[in-house]
Amino acid sequence: MWWCIFSVIPPAAFINWSGCGPMLPRVQLKMNPKKFLVRQLTEALARLGQTDTIPEVSPTRDPKFGDLSTNVSLKLTRALKRNPLEIAEQILAELDLDVDLFEQPTITKPGFINFTIRNDYYRRLIPEIITGGDAYGRGQTGNGQTANVEFVSANPTGPLTVGHGRQAVLGDAVASILEWHGYEVIREYYYNDAGRQMRILGQSVEARYFQELGQAVELPEDGYRGEYLREIARNLVSEQGEKLKAGDPIFRKAAEAVIFADIKNSLAGLGIHHQVFSNEKNYYDSGAIDRMVADLRERDLIYEKEAATWFKTTALGKDQDRVLIKSSGEPTYRLPDMAYHRDKLERNFDLIVDIFGADHQATYPDVLTALKILEYDVSPIRVLIHQFVTLVRSGQKVKMSTRKANFVTLEELTEIAGKDVVRYFFIMRGMNTHLNFDLDLAEDESEKNPVYYLQYAHARISNIIRHGESLGISFKDQYDLTLLTHPGEIQLLKQMARFTDATESALESLEPQVLATYLQDLATAFHKFYVDCRVITADQRLTQARLALIYATRIVLANGLGILGLTAPEKM
RNA sequence: GCCCACAUAGCUCAGUUGGAUAGAGCGACUGCCUCCUAAGCAGUAGGUCACAGGUUCGAAUCCUGUUGUGGGUACCA
């Protein structure tokens, strides 16, 4: 058994590490084992005359099958009409593997070839992570590119609800994932203060205003019933007295200002900040909306029927035509959406992400269709649809409605549960699940929220480090990693090695939840290590090696928590 | 009616692009603090992966149908 002292400072140490054990070809130190295997397998298959099959290499579920396995021989059984085990033997014979990176591969049952990566590979990760620090694991995919992430986009008719929370947290985390990979990201909020909703809101405030003045005025039929409108009305009375007349635009403007301030405040409470607020009204004023209709009309895709203006989507393979301008003369939401997306495309982002609730599922294809017809390249646009949150109270489903004031605000939830709990609650679930949110358990849940499991791991590490320092033991950049042989240590290392896979996977899918799942597993690996292996002991060399291990673990945890917008506490 | 999503343990949800014996938390039960934080660890119980077919070496995952839930289907966005 050889060993050597690793030096943390120069990253070059990984490349030029001759003198410390066996010399390794440079490529294998830089390339991840999975990609390396895919390449070597591809070459082996080529030598066997199989160029059509792309080998897949995936992590194994069970450690007894090693770290990585491939199913190529199973895939080839049909073409070759031979026993997969025989094929596996043949592939293995052709495979050019570096014995220093892998143990001897094995072939198991149906015909899998299993690869076990030598522990040295994992140990080398530690200095790399410590050197990288808070930049460790950052991707470069988006370097030099811009991205726009549009989310929340609720019209300012009332406070944000728990339902909006899902989109708010999701969008912010998606934006952070992009930033982690090098994108320059604009978080954007799109709203409409000129439409029917806002008009009714103004009328509702107006009614409340006159009610405050003792007049018997009814709320409009579809009016907003929230208590917050009474407050706005009361403020108007104290600021403006009794002079306001019916139809004054101040009712709507006052409501919008107050409500928007409240929305921004609720978002800030979750650590969410938009850089750009786009107002639909601008697209009317600039003529962009008229231009949209005119451009489509030029392509003979617009017609009038029953006093409405229609978009002839059936001519483009859709099942029915869509109304763009209602018989009342007001556009439907589709039309400004088209103009808005045209604008976003013209702003030349490399990536445009739209986060919509399930209620927009039918809309965006029409928007994309229109833009394609106008010869825009819509490939930068990625639409993420999330399902709704179902609120449950006393075992009953609660239908939320801003208008009927039947909702729980995001702010209330944040107050009782806390920012991290709320964020994690929404992040840990896939966006495509219809998730149930039990209001009765909201507070209770906050104490058992799995986010604490992650944060606890971080706090525990911090505590060990503090404990060491109190005994005069501090981390040094000289440590012997070969002392890390305990299964708990190796499992923890292996889990850390998956961090970049997790962030890359999150980037591809734009699903923050994969990172949350990863961090859960990492925390588990740490907690198990913690129980089995004491860090600060009389054995100075082992203590240093384990300190290095937990320093690295803390960095990965903190980086992952940071991407998700969660705090990494030093104490709990 | 038609279109789009979804259906996994009592509850809330994972499941790495079709892999090997389907996992975690909560709830229930049993152990573990003389020792760096027990917000932890180890274990028991709990499953017809909605149902029925199909595709193939192999299906919770892909296809078809059925049932159920959510959403949409100009005049709420």
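In what follows, chains carry the letters A, B, and so on, assigned in the order in which the sequence lines appear, proteins first and then strands, with residues in each chain numbered from 1.
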Review point. Rounded to whole angstrom units, what separation is found between the CG atom of Leu519(A) and the P atom of U16(B)?
Key: 18 Å
Review point. Taking atom types as they are modelled, is there a donor-acceptor pair under 3.5 Å from the base of A42(B) to the side chain of Asp532(A)?
Key: no
**Study point:** Between NZ on residue Lys476(A) and CG on residue Leu547(A), distance to nearest 0.5 Å
**Key:** 9.0 Å
Review point. To the nearest 0.5 Å, how far apart are OH in Tyr518(A) and OG1 in Thr503(A)?
Key: 9.0 Å
**Study point:** Atom-pair distance (CD on Glu56(A); C1' on G58(B)), nearest Å
**Key:** 13 Å
Practice item. Measure distances between side-chain N and O atoms of Ser69(A) and base N and O atoms of A20(B), and say whether any donor-acceptor pair falls under 3.5 Å. Key: yes
**Study point:** Atom pair CZ/CZ of Phe36(A) and Phe115(A) - distance to nearest 0.5 Å
**Key:** 10.0 Å
Practice item. Tell me, with the steps shown, if Phe425(A) and Asp420(A) meet side chain to side chain contact (heavy atoms under 4.5 Å, CB included). Key: CA-CA 8 Å; Phe425(A) 179 85; Asp420(A) 286 340; over 6 Å; no
Point to revise | Centroid-centroid distance, Phe529(A) to His486(A), less than 6.0 Å | key: no
Exercise for review: Any chance you could measure Ile263(A), atom CD1, to Asn155(A), atom CG, to the nearest 0.5 Å?
Suggested key: 8.5 Å
Practice item. To the nearest 0.5 Å, tell me how far Ile302(A) CD1 sits from Leu324(A) CG. Key: 5.0 Å
Review point. Atom CG of Asn436(A) and atom C1' of C11(B): how far apart are they, to the nearest Å?
Key: 10 Å
Check your understanding: Does the gap between the ring centers of His386(A) and Phe356(A) come in under 6.0 Å?
Key -> no
Review point. Do Thr60(A) and Ser69(A) get their side chains close enough for a donor-acceptor pair, meaning under 3.5 Å?
Key: no
**Study point:** From C36(B), C6(B), G19(B), nucleotide with atom closest to Lys75(A) side chain
**Key:** G19(B)
Exercise for review: With a 3.5 angstrom cut-off on both distances, give the Watson-Crick or G-U wobble partner of A60(B), or none if there isn't one.
Suggested key: none
Exercise for review: Using only side-chain N and O atoms of Tyr364(A), determine if any of them is under 4.0 Å from OP1 or OP2 of A5(B).
Suggested key: no
Practice item. Consider the side chain of Thr433(A), meaning its heavy atoms from C-beta on, and name the nucleotide among U73(B), C13(B), C36(B) that approaches it most closely. Key: C13(B)
Practice item. Answer yes or no for this row: Phe112(A) ring on A20(B) base, centroids under 5.5 Å, planes under 30°. Key: yes
Review point. Does U17(B) fall in syn (glycosidic angle within 90° of 0) or anti?
Key: syn
Check your understanding: Is the shortest side-chain N/O distance from Gln361(A) to OP1 or OP2 of G70(B) below 4.0 Å?
Key -> no
Exercise for review: Measure from the side chain of Arg460(A), starting at C-beta and using heavy atoms only, and say which of A74(B), A20(B), A38(B) lies closest.
Suggested key: A38(B)
**Study point:** Arg541(A) versus Gln544(A), side-chain donor and acceptor atoms under 3.5 Å
**Key:** no
Review point. Who does A14(B) pair with, Watson-Crick or G-U, both distances under 3.5 Å?
Key: none
Check your understanding: Gln513(A) CD to A14(B) P: how many Å, rounded?
Key -> 6 Å
Practice item. Look at the side-chain N and O atoms of Lys528(A) and state whether any lies under 4.0 Å from the OP1 or OP2 oxygen of A42(B). Key: yes
Exercise for review: Looking only at side-chain atoms of Tyr456(A), point me to the closest of A39(B), U73(B), C13(B).
Suggested key: A39(B)
Practice item. Please measure how far the C1' atom in U61(B) lies from the corresponding atom in C49(B), and state the result in whole Å. Key: 10 Å
Study note, to complete from the structure: Ranking C57(B), C41(B), G70(B) by distance to the side chain of Tyr453(A), first place goes to C41(B)
Check your understanding: Over how many whole Å does the gap from Phe426(A) atom CZ to C13(B) atom P extend?
Key -> 11 Å
Would you list the protein and nucleotides 21-25 of chain B atom pairs, both N or O, that sit under 3.5 Å from each other?
{"from": "U21(B)", "atom 1": "O4", "to": "Lys64(A)", "atom 2": "NZ", "distance (Å)": "2.5"}

Review point. Within the structure shown, what part of the strands sits under 4.0 Å from Asp366(A) by heavy-atom distance: base, sugar-phosphate, or nothing?
Key: nothing
Check your understanding: With sugar-phosphate meaning primed atoms plus P, OP1 and OP2, does Leu435(A) contact a base, only sugar-phosphate, or nothing at under 4.0 Å between heavy atoms?
Key -> sugar-phosphate
Exercise for review: Counting Watson-Crick and G-U wobble pairs only, both distances under 3.5 Å, name the nucleotide matched with U30(B), or none.
Suggested key: A42(B)
Review point. Quick one: Asp319(A) CG to G72(B) C1', roughly how many Å, whole number?
Key: 11 Å
Practice item. Select base, sugar-phosphate, or nothing to describe what His527(A) touches, counting heavy atoms under 4.0 Å on all strands. Key: sugar-phosphate
Check your understanding: What does Thr390(A) touch in the nucleic acid at a heavy-atom separation under 4.0 angstrom: a base, only the sugar-phosphate, or nothing?
Key -> nothing
Check your understanding: Mind telling me whether C4(B) is syn or anti, cutoff 90° either side of 0?
Key -> anti
Exercise for review: Rounded to the nearest angstrom, tell me the gap between atom NZ in Lys571(A) and atom C1' in A39(B).
Suggested key: 16 Å
Which protein N or O atoms sit under 3.5 Å from an N or O of nucleotides 75-77 of chain B?
{"from": "C76(B)", "atom 1": "O2'", "to": "Gln197(A)", "atom 2": "NE2", "distance (Å)": "3.1"}
{"from": "A77(B)", "atom 1": "O4'", "to": "Gln197(A)", "atom 2": "NE2", "distance (Å)": "3.2"}
{"from": "A77(B)", "atom 1": "N6", "to": "Tyr333(A)", "atom 2": "OH", "distance (Å)": "3.4"}

**Study point:** Nearest-nucleotide pick for Arg429(A), side chain only, options being U12(B), C57(B), A74(B)
**Key:** U12(B)
Review point. Which is true for Gln320(A) with a 4.0 Å heavy-atom rule: it touches a base, it touches only sugar-phosphate, or it touches nothing?
Key: sugar-phosphate
Review point. Do Phe260(A) and Tyr191(A) have ring centroids that are under 6.0 Å from one another?
Key: yes
Practice item. Step by step, work out the side chain to side chain contact (heavy atoms under 4.5 Å, CB included) result for Phe151(A) and Tyr189(A). Key: CA-CA 6 Å; Phe151(A) 62 108; Tyr189(A) 189 122; over 6 Å; no
Practice item. Please give the nucleotide sitting opposite U69(B) as a Watson-Crick or G-U wobble pair, both distances under 3.5 Å, or none. Key: A5(B)
Exercise for review: May I ask you to say what Tyr530(A) touches in the nucleic acid, namely base, sugar-phosphate or nothing, with a heavy-atom cut-off under 4.0 Å?
Suggested key: base
Study note, to complete from the structure: Asn71(A) CG to U17(B) C1', in whole Å, measures 12 Å
